[in-house]
There are 2 protein chains.
Amino acid sequence: MNRFLSHATNRIDAKGRVSVPSSFRGVLAKLDIRELYCFQDFVFPAISAGGPELLDRFERQIADEDPFSPQANEMSLLIHGGGVFMKLDQEGRLMVTDFIRDFTGITNEVTFVGRADHFQLWAPQVFQETQATARQERRLRGLRPG
Amino acid sequence: MNRFLSHATNRIDAKGRVSVPSSFRGVLAKLDIRELYCFQDFVFPAISAGGPELLDRFERQIADEDPFSPQANEMSLLIHGGGVFMKLDQEGRLMVTDFIRDFTGITNEVTFVGRADHFQLWAPQVFQETQATARQERRLRGLRPG
DNA sequence: TGGGACCATATGGGGGTCAATGGGATTTGG
DNA sequence: CCAAATCCCATTGACCCCCATATGGTCCCA
């Protein structure tokens with residue numbers, strides 16, 4: 001598989017680490033991603049993680065604007081100030097830093113959620129509720145496929 | 001890493017010093033920056049800090065305009081009158097002067113914010129709020145990439 | 001078909017290394 | 001000569017390499 005799919009919840013250990021699901025690590029290996037660009041999502045209280053080209057894409061978007069404009073300044077505040085590169089340890093674990101905890105509300109467990117070209121880190125209960133809400137809204141709009 | 005990313009909050013000690021995050025110091029070393037050019041940001045209540053070439057870039061921009069124009073005059077007022085050079089001590093700490101405190105509202109703690117080619121000093125709560133607002137505006141503009 | 005060998009993943013923790021912080025001692029500048 | 005800035009060292013705590021254990025699943029063979 002070459003994209004991130006499904007979701008799984010893992011425990012954070014006493015040192016603040018959590019295992020990234022094996023299937024996600026497999027995708028990372030296949031895409032040759034050794035360092036994760038992680039940023040605070042613009043819409044949900046979740047951390048999004050993907051390859052460095054994700055940041056490149058954002059920066060190209062900034063470069064298309066006047067570099068001194070408030071909009072460019074604001075965008076940089078989010079993708080640079082709200083983003084960071086992280087690495088997995090040898091066992092494929094990730095440190096759950098305050099950068100992640102403060103923004104997501106994660107405490108003891110992490111729900112990993114596949115999003116095709118990247119994946120996200122959620123507080124389990126927040127993910128449950130948000131997904132349920134999204135499903136509900138979709139049903140109300142009558143856009144449910146199938 | 002060769003650019004300033006992410007954010008971190010450090011305490012100001014009894015002598016008014018604060019540690020610059022290790023990752024930022026690493027970038028400074030890699031870019032061979034020994035002296036910081038610090039200036040009052042044009043958009044946000046934050047101090048921006050980077051290498052001397054930052055000032056050079058601003059001055060070149062002034063030089064491209066009519067030197068007696070109001071715009072050039074105004075720009076000089078900001079980058080010269082609102083700027084200063086600073087150095088880190090041996091442990092990588094920075095004196096938090098009134099120049100910094102008055103403009104940012106910083107008192108006990110400093111949030112360091114990466115901005116790719118420079119970094120900023122914010123009052124922690126002001127940063128939180130400004131970033132949240134930026135995220136909100138981005139959402140309203142419907143410009144979410146990805 | 002049931003038991004057991006084998007394997008992969010998740011989890012736990014020891015111990016070294018490095019960064020953040022605190023504070024005494026010394027120097028510098030007005 | 002005094003106050004502030006800087007140097008230097010000690011302490012604490014966080015992170016990371018490395019190895020051990022737990023847990024659950026699959027495959028093979030009797």
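Just so it is clear: chains get the letters A, B, ... in the order the sequence lines come, proteins before strands, and each one is counted from 1. Keep in mind it's a predicted model, so treat the numbers as computed, not measured.
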Send over the distance from B:Asn108 CG to C:dT21 P, rounded to a whole Å. 13 Å

Base, sugar-phosphate alone, or nothing: which one does A:Val20 contact when heavy atoms must sit under 4.0 Å apart? sugar-phosphate

Which of parallel (below 30°), tilted (30 to 60°) and perpendicular (above 60°) describes B:Phe24 and B:Phe119? tilted

Between CZ of B:Phe24 and C1' of C:dA20 the distance, given in whole Å, is 15 Å

Between the side chains of A:Asp89 and A:Lys15, is the shortest nitrogen-to-carboxylate-oxygen separation below 4.0 Å, so that they form an ion pair? no

May I have the distance from B:Asp89 (atom CG) to D:dA4 (atom P), rounded to whole angstrom? 18 Å

Find out whether B:Leu88 and B:Leu36 are in side-chain contact, i.e. whether some heavy atom of one side chain is under 4.5 Å from a heavy atom of the other. yes

So, do B:His118 and B:Tyr37 have ring centers that fall under 6.0 Å from each other? no

Using OP1 and OP2 only, check whether a side-chain N or O of A:Gln90 sits under 4.0 Å from D:dC17. no

In terms of side-chain geometry, is the basic nitrogen of A:Asp41 or A:Arg115 positioned less than 4.0 Å from the acidic oxygen of its partner? no

Sole candidate of B:Glu59, B:Gln61, B:Gln40 that passes side chain to side chain contact (heavy atoms under 4.5 Å, CB included) when paired with B:Ile79: B:Glu59

Base contacts versus sugar-phosphate-only contacts with protein, heavy atoms under 4.0 Å: please encode nucleotides 11-18 of chain C as B, S and - from 5' to 3'. BBBBB---

